[in-house]
Novice: 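Dumping the structure here so I can ask a few things about it.
Throughout, residue positions are numbered sequentially from 1 according to the sequence presented.
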Amino acid sequence: MTQLPMFGQPTDPPPKPASDQAVTLQVLVTVKAAPNPSDKYGETVCVAGLSLDPARPGWIRLYPINFRELSDRESFKKYDIITVKAVPARQDSRRESWRPRMPTLEVTGHLRPWSSRRSWLDPAISADTTMCRLHRGATMASTSLALLRPRRITDLRITRHPGWTAAQKAKIEAYVSQFSLFGDEDRTPRFSGTYHYECLEPDCNGHKQGIIDWEFVTFQLLRLRAMGDAEAAERLRHRFLDEICAPDRDVAFYVGNIAAHPKTFSVLGVYYPPRPESGPR
């Protein structure tokens, strides 16, 4: 695949096309958010990534995606390169948001070593965009997805996840019950996490943002089921703070806001290539 010219993160994303005609997007998947209940789609996730199309640079949000429904051909993972036909998401005013037509999705590649990921993603980290500035300027037309370098990460607070409400569980069960091929495994995480950090703004007073990365959930479901709460919480914190955000990692946060509350941002995932002096991993 030919490397595109390096482009920085736009100050504001371009407006959505006026037409509802489907276009083909080429996206490097960087974010798979934890599943959430939906009235219409059951258990849905939001996926985001970097556009690899030089005519449409910047970030792309794809929603809704129900991973329980995906065929083997349609399944994909973080740092896959995908093409998919999509239309502008008219019910979501955030400019980066698109509705994918999942039967058209194809996985065309995967970036495995951090070095290949860095060539695409490092240019998307803008020194001019800080969390403080995103928060101050947040509107429906402003940037709602970004990759930001923290100046200092002070903590990762682990608390018990409240679980789905009865109404949220009913949404999932009502949808899944229509199909006999889907498993009924419980994907509710045991814990929630909140990063405490300072951004690169000189007078930043600190940010507290929940992490909603699916990896944060799957780590709990696959690695921590047999542990008691105290041991599991400490292991989770160790993985996502001491290891992923270790001093030898060149950490940046994928952040995104909520459509109904544009000033409310969450950590969608962590970008953590080794620092150059640490060598490849």
Novice: Got a second to check how far Glu106's CD is from Thr24's OG1, nearest 0.5 Å?
Specialist: 9.5 Å
Novice: When you measure from the side chain of Lys77 to the backbone N and O of His110, does any donor-acceptor pair fall under 3.5 Å?
Specialist: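 No, the answer is negative, given that no donor and acceptor are paired below the 3.5 Å cut-off.
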Novice: Is Leu28 linked to Ile125 within one hydrophobic cluster, defined over Ile, Leu, Val, Met, Phe, Trp and Tyr using a side-chain heavy-atom separation of less than 4.5 Å?
Specialist: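 Per the 4.5 Å side-chain linkage, Leu28 and Ile125 are co-clustered.
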Novice: Would you find a donor on one side and an acceptor on the other, under 3.5 Å apart, between the side chain of Lys16 and the backbone of Arg94?
Specialist: yes
Novice: Does CZ in Arg136 sit with more than 12 non-hydrogen atoms of other residues, nucleotides or ligands closer than 6.0 Å?
Specialist: yes
Novice: Does a side-chain heavy-atom distance below 4.5 Å link Gln209 with Tyr195?
Specialist: no
Novice: When you look at Arg249 and Ile244, which way does the side chain to side chain contact (heavy atoms under 4.5 Å, CB included) test go after all the steps?
Specialist: CA-CA 7 Å; Arg249 294 289 175 172; Ile244 286 179; over 6 Å; no
Novice: Using 30° and 60° as the class limits, which term best fits the ring planes of Tyr271 and Trp114: parallel, tilted or perpendicular?
Specialist: perpendicular
Novice: Is Glu96 reaching over with its side chain to a backbone N or O of Ser144, donor-acceptor style, under 3.5 angstrom?
Specialist: yes
Novice: If I take atom OG1 from residue Thr143 and atom CZ from residue Arg95, how far apart are they, to the nearest 0.5 angstrom?
Specialist: 9.5 Å
Novice: Going from NE2 on His207 to CD on Glu201, what distance comes out if it is rounded to the nearest 0.5 angstrom?
Specialist: 8.0 Å
Novice: With the threshold set at 4.0 Å, does a side-chain nitrogen-carboxylate oxygen contact exist between Arg275 and Asp250?
Specialist: yes
Novice: Let me confirm one number: the CD-CG distance from Glu198 to Asn205, rounded to the nearest 0.5 Å.
Specialist: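 Going from CD on Glu198 over to CG on Asn205, the span is 8.5 Å.
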Novice: Would you find more than 12 non-hydrogen atoms of other residues, nucleotides or ligands less than 6.0 Å from Lys263 atom NZ?
Specialist: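 It does: Lys263 NZ has more than 12 such atoms within range.
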Novice: Apply side chain to side chain contact (heavy atoms under 4.5 Å, CB included) to Val29 and Phe76, showing your working.
Specialist: CA-CA 9 Å; Val29 176; Phe76 59 93; 3.9 Å; yes
Novice: One thing to verify: whether Arg237 and Asp155 come together as a salt bridge, which I'm taking to mean a side-chain N less than 4.0 angstrom from a carboxylate O.
Specialist: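 The answer is yes: the pair qualifies as a salt bridge.
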Novice: Atom CE in Met131, atom OH in Tyr197: separation rounded to 0.5 Å?
Specialist: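 Output value for this atom pair is 5.5 Å.
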Novice: In terms of ring plane angle, is the pair Phe219 and Phe240 parallel, tilted or perpendicular, where the classes change at 30° and 60°?
Specialist: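 Rings of Phe219 and Phe240: perpendicular, over 60°.
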Novice: Could you see if Met102 belongs to whatever hydrophobic cluster contains Val23? Use Ile, Leu, Val, Met, Phe, Trp, Tyr and a side-chain cutoff under 4.5 Å.
Specialist: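 Hydrophobic grouping puts Met102 with Val23.
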Novice: Could you go through Ser97 and Arg61, starting from their C-alpha distance and side-chain angles, then the distance that decides it, and tell me whether this counts as side-chain hydrogen bond (donor to acceptor under 3.5 Å, both in side chains)?
Specialist: CA-CA 5 Å; Ser97 297; Arg61 178 186 291 105; 2.7 Å; yes
Novice: Looking at Arg133 and Asp128, would you say the former's side chain and the latter's main chain have a donor-acceptor pair under 3.5 Å?
Specialist: yes
Novice: Check for a donor-acceptor pair, side chain of Thr194 on one end and backbone N or O of Lys208 on the other, with a separation under 3.5 Å.
Specialist: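 Side chain of Thr194 to backbone of Lys208, a donor-acceptor pair under 3.5 Å: no, none is there.
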Novice: Please check if the side chain of Arg117 supplies one atom and the backbone of Arg112 the other of a donor-acceptor pair under 3.5 Å.
Specialist: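 The answer is yes, because a donor-acceptor pair under 3.5 Å joins these two groups.
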Novice: Step by step, would you call Gln220 with His161 a side chain to side chain contact (heavy atoms under 4.5 Å, CB included)?
Specialist: CA-CA 11 Å; Gln220 298 178 53; His161 189 282; over 6 Å; no
Novice: Can any side-chain N or O of Asp80 pair as donor or acceptor with the backbone N or O of Ile82 at less than 3.5 Å?
Specialist: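 Checking the backbone N and O of Ile82 against the side chain of Asp80, no donor-acceptor pair under 3.5 Å is found.
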Novice: Please indicate whether Asp20 has more than 12 foreign heavy atoms, meaning atoms of other residues, nucleotides or ligands, lying under 6.0 Å from its CG.
Specialist: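 Correct, the count exceeds 12.
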Novice: Check Pro162 against Ser192 and note the closest heavy-atom contact, atom names and distance.
Specialist: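 That closest heavy-atom pairing would be CD-OG, 4.2 Å.
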Novice: Which of these, Thr30, Asn257, Leu50, Leu268, sits in a side-chain contact (heavy atoms from CB on, under 4.5 Å) with Leu145?
Specialist: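 Result for side-chain contact (heavy atoms from CB on, under 4.5 Å) with Leu145: Leu268.
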Novice: Going through the checks in order, is the side chain to side chain contact (heavy atoms under 4.5 Å, CB included) test met by Asp213 and Val267?
Specialist: CA-CA 7 Å; Asp213 186 358; Val267 174; over 6 Å; no
Novice: Should the pair Arg160 and Phe191 be classed as cation-pi, given the thresholds of under 6.0 Å to the six-membered ring centre and 45° from the axis?
Specialist: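 Satisfied, under 6.0 Å and within 45°.
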Novice: Any donor and acceptor pair, going by atom type alone, linking the side chain of Thr104 with main-chain N or O of Lys85 inside 3.5 Å?
Specialist: yes
Novice: Would Val87 and Leu62 show up in the same hydrophobic cluster when neighbours are defined by side-chain heavy atoms closer than 4.5 Å?
Specialist: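 No, Val87 and Leu62 fall in different hydrophobic clusters.
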Novice: Measure the CG-CD1 distance between Leu236 and Ile158 for me, rounded to the nearest 0.5 Å.
Specialist: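 So the gap between those two atoms works out to 4.0 Å.
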Novice: Checking Thr154 side chain against His196 main chain: does a donor-acceptor pair fall under 3.5 Å?
Specialist: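 Here the side-chain-to-backbone pair exists.
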